[in-house]
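It should be emphasised that the depicted structure is a prediction, and the values quoted were computed from it without experimental measurement. The analysis underlying the following values was restricted to heavy atoms, covering all of them including side chains, and did not include hydrogens, waters or symmetry mates.
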Amino acid sequence: MPTYVIEHMEDDNPNSTFPHWIALEYAQMLRLSAPSTVIFSSLSPSSVESLRSQLLEKGMDQKRFRVETKSVRELMQEEGVELGKVCLLDPRAEKVVGPEDGGEFDWFLFGGILGDDPPRDRTGILRKDGYPSRHLGPVQMTTDTALGVTKLCVQDFKKLDEIKFVDHPTIKFPGKGYENESVEMPFRYVVDEKTGEPILPEGMREHLRDDMDRELDDF
């Protein structure tokens, strides 16, 4: 089974806990990638413990993830992983990810969190290192979606055009009193075959709702 590596590229605040919304996405990566291992690299020392605690609180199996202050390049050197066996998921790559890549690469590398609107091309920092790369289509995804789609392709042997997506969906908020409230998300998501809804991290709808309430309180 391949290993998925998330090179953390957010600016951490050493005086605060690891951001809740990012922990929601990182926990979702573990659900989507099962039974593979996920490495979260380049974290600050304070974020390592905070993220680990949040993932365990969400019921994640500690045997399936690692939280590291070291960069992906440091980990590759320590563990003897060759550059050519690491695939960078890059929107500027020439080739699309496919089932055949599961046998070619040992690690699949993502820059996280990359969900900027408009995109800031933070993947470019990793691109300079010269990894082989693959893309996931023309529309930006959240990092958890990108990992989940990669897993569907390289482990479940689906082609990208066989996966059903929805672009820029309108997300409705859960709970009484929020029936008419929603937010449009500027990303591409996989569609849940059972519900027809975009697949978001568990707890993300509630977080978006609460975040909206906090913004309204600022007025």
*Asks:* Can you name the residues that form a ring pair (Phe, Tyr, Trp, His ring centres under 6.0 Å) with Y189, not counting sequence neighbours?
*Replies:* none
*Asks:* Using a strict cut-off of less than 4.0 Å between a Lys/Arg side-chain nitrogen and an Asp/Glu carboxylate oxygen, indicate whether E104 and R134 qualify as a salt bridge.
*Replies:* yes
*Asks:* Measure the NZ-CG distance between K158 and L160 for me, rounded to the nearest 0.5 Å.
*Replies:* 11.5 Å
*Asks:* Hey, are the side chains of I171 and L200 touching, using non-hydrogen atoms and a 4.5 Å cut-off?
*Replies:* yes
*Asks:* For a 4.5 angstrom cut-off between non-hydrogen side-chain atoms, does F110 reach M29?
*Replies:* no
*Asks:* Using a strict threshold of under 4.0 Å (side-chain N to carboxylate O), is an ion pair present between R31 and E202?
*Replies:* yes
*Asks:* Could you check if a side-chain atom of S71 sits within less than 4.5 angstrom of a side-chain atom of S41, using non-hydrogen atoms only?
*Replies:* no
*Asks:* For H20, enumerate each residue passing the ring pair (Phe, Tyr, Trp, His ring centres under 6.0 Å) test, keeping only those at least two apart in sequence or located in another chain.
*Replies:* H207
*Asks:* In this structure, are over 12 heavy atoms from other groups packed under 6.0 Å from N180 atom CG?
*Replies:* no
*Asks:* Could you tell me which non-hydrogen atom of G203 sits nearest to which non-hydrogen atom of L24, and how far apart they are?
*Replies:* O-CD1, 3.7 Å
*Asks:* Measure the CE-CD1 distance between M9 and I125 for me, rounded to the nearest 0.5 Å.
*Replies:* 3.5 Å
*Asks:* Can you give me the closest heavy-atom contact between V38 and F40, atom names plus distance?
*Replies:* CG1-CZ, 3.5 Å
*Asks:* NZ of K85: more than 12 outside heavy atoms within 6.0 angstrom?
*Replies:* yes
*Asks:* List in chain and number order the residues that pass ring pair (Phe, Tyr, Trp, His ring centres under 6.0 Å) with F173, two or more places apart in sequence or in another chain; answer none if no residue qualifies.
*Replies:* none
*Asks:* Quick one: are S33 and L147 in side-chain contact, heavy atoms under 4.5 Å?
*Replies:* yes
*Asks:* Give a yes or no on this: more than 12 heavy atoms of other residues, nucleotides or ligands lie within 6.0 Å of atom CD of E82.
*Replies:* no
*Asks:* Look at the aromatic rings of H8 and F18 and report parallel, tilted or perpendicular, splitting at 30° and 60°.
*Replies:* tilted
*Asks:* Has D129 got a side-chain atom pairing as donor or acceptor with Y131's backbone, closer than 3.5 angstrom?
*Replies:* no
*Asks:* Find the distance between CD (Q28) and OG1 (T142) and round it off to the nearest 0.5 Å.
*Replies:* 8.5 Å
*Asks:* Can you tell me how far apart CG (L89) and CE (M141) are? Round to the nearest 0.5 Å.
*Replies:* 9.0 Å
*Asks:* Is it true that atom CD of E78 has more than 12 heavy atoms of other residues, nucleotides or ligands lying nearer than 6.0 Å?
*Replies:* yes
*Asks:* Enter the distance from T3:OG1 to E79:CD here, rounded to the nearest 0.5 Å.
*Replies:* 8.0 Å
*Asks:* Would you tabulate the side-chain donor-acceptor contacts of residues 148-155 under 3.5 Å, counting partners in other chains and residues two or more places apart, or write 'none'?
*Replies:*
residue: T150; atom: OG1; partner: A146; partner atom: O; Å: 2.8
residue: K151; atom: NZ; partner: D156; partner atom: OD1; Å: 3.4
residue: K151; atom: NZ; partner: D156; partner atom: OD2; Å: 3.3
residue: Q155; atom: OE1; partner: Y4; partner atom: OH; Å: 2.6
residue: Q155; atom: OE1; partner: S36; partner atom: OG; Å: 3.1
residue: Q155; atom: NE2; partner: S36; partner atom: OG; Å: 3.2

*Asks:* List the residues meeting side-chain hydrogen bond (donor to acceptor under 3.5 Å, both in side chains) with R209, not counting sequence neighbours, and say none if there are none.
*Replies:* none
*Asks:* Check whether any side-chain N or O of S53 sits under 3.5 Å from a backbone N or O of E49 as a donor-acceptor pair, and report yes or no.
*Replies:* yes
*Asks:* Does atom CD of E179 have more than 12 heavy-atom neighbours, drawn from other residues, nucleotides or ligands, at distances under 6.0 Å?
*Replies:* yes
*Asks:* Between V191 and F165, is any pair of side-chain heavy atoms under 4.5 Å apart?
*Replies:* no
*Asks:* Kindly give the heavy-atom pair with the smallest separation between V96 and D101, and that separation in Å.
*Replies:* O-OD2, 4.0 Å
*Asks:* Could you tell me whether a side-chain N or O of E7 sits under 3.5 Å from a main-chain N or O of V72, the two making a donor and an acceptor?
*Replies:* yes
*Asks:* Does a donor on one side chain sit under 3.5 Å from an acceptor on the other, for S47 and S50?
*Replies:* no
*Asks:* Any side-chain heavy atom of V166 sitting closer than 4.5 Å to one from R188?
*Replies:* no
*Asks:* Around atom NZ of K58, are there more than 12 heavy atoms of other residues, nucleotides or ligands at under 6.0 Å?
*Replies:* yes
*Asks:* So with a 6.0 Å cut-off around CD of Q62, is the heavy-atom count from everything else above 12?
*Replies:* no
*Asks:* With rounding to the nearest 0.5 Å, note down the distance linking CG in D144 to CD1 in I199.
*Replies:* 10.0 Å
*Asks:* Quick check: closest heavy atoms across M1 and P35, and the distance to 0.1 Å?
*Replies:* SD-CG, 3.2 Å
*Asks:* Is there a side-chain contact between P91 and Q140, using heavy atoms and a 4.5 Å cut-off?
*Replies:* no
*Asks:* Between L75 and V81, does a side-chain contact (heavy atoms from CB on, under 4.5 Å) hold up when you go through it step by step?
*Replies:* CA-CA 8 Å; L75 294 171; V81 179; over 6 Å; no
*Asks:* Could you report the tightest heavy-atom contact between M76 and L83, atom names first, then the distance?
*Replies:* CE-CA, 3.8 Å
*Asks:* Can you name the closest pair of heavy atoms from L55 and A23 and give their distance?
*Replies:* CD2-O, 4.1 Å
*Asks:* Heavy atoms, side chains only, cut-off 4.5 Å: are E197 and R205 in contact?
*Replies:* yes
*Asks:* Just to verify, what does T37 make a side-chain hydrogen bond (donor to acceptor under 3.5 Å, both in side chains) with, not counting sequence neighbours?
*Replies:* none
*Asks:* Looking at R66 and E68, does any basic side-chain N land under 4.0 Å from a carboxylate oxygen?
*Replies:* yes
*Asks:* For the pair E25 (side chain) and I22 (backbone), establish whether a donor and an acceptor sit closer than 3.5 Å, ignoring hydrogens and angles.
*Replies:* no
